[in-house]
Protein chains: 2
Amino acid sequence: MTELKIQHILTLSYLLSKGAKYNYVSITTSSLGKNIKKSQQAASKHLLELEQNQFIERIISGRNISVKITSKGYSEMVKLSAILQKSLDSSPSHVELKGTLVSGMGEGAYYMGLKGYTKQFQSKIGYVPYPGTLNVRLDQKIHQEAIKQFETLNGVKINSFSDGKRTYGWVKCFNAKLNNSTNCELIILERTHHDDSIIELISKSCMRKTAKLKDGSKVSIKIPINS
Amino acid sequence: MTELKIQHILTLSYLLSKGAKYNYVSITTSSLGKNIKKSQQAASKHLLELEQNQFIERIISGRNISVKITSKGYSEMVKLSAILQKSLDSSPSHVELKGTLVSGMGEGAYYMGLKGYTKQFQSKIGYVPYPGTLNVRLDQKIHQEAIKQFETLNGVKINSFSDGKRTYGWVKCFNAKLNNSTNCELIILERTHHDDSIIELISKSCMRKTAKLKDGSKVSIKIPINS
DNA sequence: ATTACTACGTCTCGAGTAA
DNA sequence: TTTACTCGAGACGTAGTAA
């Protein structure tokens, strides 16, 4: 049994949309050509080949050509569409980052402890974070690159605020799971104070204790993507 | 902007199924080749071209290659999948037959009037047909061919029966609309007594009267397909 | 083992054109 | 107008092979 050639799927798709599943529909090769963005000659060849391989049936009366898709042709299209559909759906909806626990400068703890932030944390993520952020260095390039997409993804937005002297930038939170067990939030800062390879996490309790971590521990962070 | 080449969709589909929408996933060109049923070399070329046209991003560290689909690549796949999906869904779910009203031999009327049939008609299609079938000759080849598929489609099945002397074959009924207005049933007989170009219709009342028809009238019959 | 180059063969397309 | 042929150009895939 001959396989459906990949370049024929647009032709079959067009025929299908014209109702060629149950009825013989009359078409011209030039109109088909336009629709699949190929020449009239290519369209003609497509029909010929599809007929030869029994994906379609043709009835020719004079200049008029009528085409119907066979059940074999239809099921091939269903199969292909299902493959695409499945691959689009099944794409795992989380990002996994791996890295090493490092010491921060205490800056994160200072900023995140400001009232302008803690009030919003309480209402938007449901808790006031333990004072102190967990800094993780992403050792591999693939994780350093993967983190960049969070700039464009939508998380829980903690708005910027001002205390009269200066303004503090916004913070985006993404729910995450540390080492498959500890719930926490990955935070993306408007004004970051370190390079792309360091990420910061906050949590309700002290993660160094609950997850039994110390500097140099290898950690995994999984962030579900909900879109 | 370069278009996504049709031969690359299987590669993108495979990457997607490996989770390459959000994460960089590491793959080998030979495993990709196997999955898309092409050689390792072809797979390598595919990745190179996809990267060139910004459908994917690659990170190469030594022998290891990691790939992530770009948003451009993802949306192209969504687009294509939608086109296929739509063409599969939107296929008109009815068959239209056109033909000319002709006189039957009265045989249809005789058989369909037998109690073994009429009892089943009453319970399965909700009425006892007007005694007499409407015979329509399908003038065009495309309609003569289209009628053949009803052999394999499932309609309302009127079972065969025996009166002791002989058995009478089964009858399949398909709800139909005559000239867009009169409800009737297309009947497919196990033992037909005429050639493929003649179809028979039954209805509750006399269609020649209700639809104002006489021999030679051109008629249209639309049969919804429910599958 | 890996990726990806060159070389070559085959497939696909489109221009020209016949019927 | 149609469809579909021939044929040349270029796209695509694979074998062999280097790194």
Side-chain angles (χ1 to χ4, degrees), chain A residues 1-15 18 20 24-69 73 76 80 140-142 145, chain B residues 1-15 18 20 24-69 73 76 80 140-142 145:
Chain A
M1 151 138 169
T2 331
E3 278 261 306
L4 175 63
K5 291 189 185 174
I6 204 79
Q7 74 263 31
H8 288 153
I9 66 169
L10 289 177
T11 297
L12 280 185
S13 171
Y14 175 67
L15 293 177
K18 295 274 278 180
Y24 281 85
V25 298
S26 81
I27 48 154
T28 67
T29 53
S30 52
S31 71
L32 171 60
K34 267 182 198 164
N35 269 280
I36 61 173
K37 290 174 185 165
K38 293 276 143 65
S39 65
Q40 172 269 320
Q41 292 90 333
S44 172
K45 233 182 203 170
H46 280 197
L47 292 180
L48 251 16
E49 287 180 24
L50 284 168
E51 186 185 29
Q52 261 169 36
N53 297 311
Q54 298 164 58
F55 295 114
I56 63 170
E57 283 165 2
R58 294 196 307 163
I59 294 177
I60 300 159
S61 10
R63 283 181 169 71
N64 218 290
I65 165 173
S66 295
V67 178
K68 183 174 174 297
I69 293 175
E76 282 292 311
L80 184 66
Q140 291 178 55
K141 186 109 193 290
I142 61 167
E145 290 295 323
Chain B
M1 150 138 170
T2 332
E3 278 261 307
L4 175 63
K5 291 189 186 175
I6 203 80
Q7 74 263 29
H8 288 152
I9 64 169
L10 289 177
T11 297
L12 280 185
S13 171
Y14 175 67
L15 293 177
K18 295 273 279 179
Y24 281 86
V25 298
S26 81
I27 48 154
T28 66
T29 53
S30 51
S31 71
L32 171 60
K34 267 182 198 165
N35 268 280
I36 62 173
K37 290 176 186 166
K38 293 278 144 62
S39 66
Q40 171 269 321
Q41 292 90 335
S44 172
K45 233 182 205 172
H46 280 199
L47 291 180
L48 251 15
E49 287 180 24
L50 283 168
E51 186 185 30
Q52 261 169 37
N53 296 311
Q54 299 163 59
F55 294 114
I56 63 171
E57 282 164 4
R58 292 196 308 164
I59 294 178
I60 301 160
S61 8
R63 284 181 168 72
N64 219 289
I65 164 172
S66 295
V67 179
K68 180 174 176 298
I69 292 175
E76 282 292 311
L80 185 65
Q140 290 180 55
K141 186 110 192 287
I142 61 168
E145 290 296 323

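We name chains A, B, ... by the order of the sequence lines, and we start the count at 1 in each one.
In this structure, Thr29(B) reaches the dT3(C) phosphate: one of its side-chain N or O atoms is under 4.0 Å from OP1 or OP2. Distances shown here put a side-chain N or O of His46(B) below 4.0 Å from the OP1 or OP2 atom of dG13(D). For dA4(D), one of the phosphate oxygens OP1 or OP2 lies less than 4.0 angstrom from a side-chain nitrogen or oxygen of Arg58(A).
Atoms CG (Asn64(A)) and P (dT1(D)) sit 16 Å apart, rounded to a whole Å. The nearest whole Å value for the distance from the NZ atom in Lys34(B) to the P atom in dT14(D) is 14 Å. Straight-line distance from the NZ atom of Lys5(A) to the C1' atom of dT12(C): 8 Å, rounded to whole Å. Atom pair Ile27(A):CD1 and dA4(D):C1' shows a separation of 14 Å (rounding to whole Å applied). Protein atom CD1 of Ile56(A) is 12 Å distant from nucleotide atom P of dT3(D), rounded to whole Å. For the pair Lys38(A) NZ and dG14(C) C1', the interatomic distance rounds to 11 Å; values are reported in whole Å. Spacing between atom CG of Leu48(B) and atom C1' of dT6(C) amounts to 14 Å, rounded to whole angstrom units. Between the P atom of dA4(C) and the CD1 atom of Ile65(B) lies a distance of 5 Å, rounded to the nearest Å.
Nearest heavy atom pair, residue Val25(B) against residue Lys18(B), reads CG1-O, 3.3 Å.
Counting distance only, with no hydrogens placed and no angle test, the side-chain atoms of Arg63(A) and the base atoms of dT1(D) include a donor-acceptor pair under 3.5 Å. Residue side chain Gln41(B) reaches the base of dG16(D) through a donor-acceptor N/O pair under 3.5 Å, judged by distance alone.
Both Lys45(A) and Gln7(B) lie near DNA chain D, and the one whose nearest nucleotide falls closer to the 5' end is Lys45(A).
For the atom pair OG of Ser26(B) and CD1 of Ile60(B), the computed distance is 12.5 Å after rounding to the nearest 0.5 Å. To the nearest 0.5 Å, atom CG of residue Leu4(A) and atom CZ of residue Phe55(A) are 5.0 Å apart.
Residue Ser44(B) is in base contact, counting any heavy-atom pair closer than 4.0 Å across all strands shown.
Partner of Ser31(A) under the side-chain hydrogen bond (donor to acceptor under 3.5 Å, both in side chains) criterion, chosen from Thr28(A), Asn35(A), Thr29(A): Thr28(A).
More than 12 heavy atoms of other residues, nucleotides or ligands lie within 6.0 Å of NZ in Lys68(A), so this atom counts as buried by the packing criterion.
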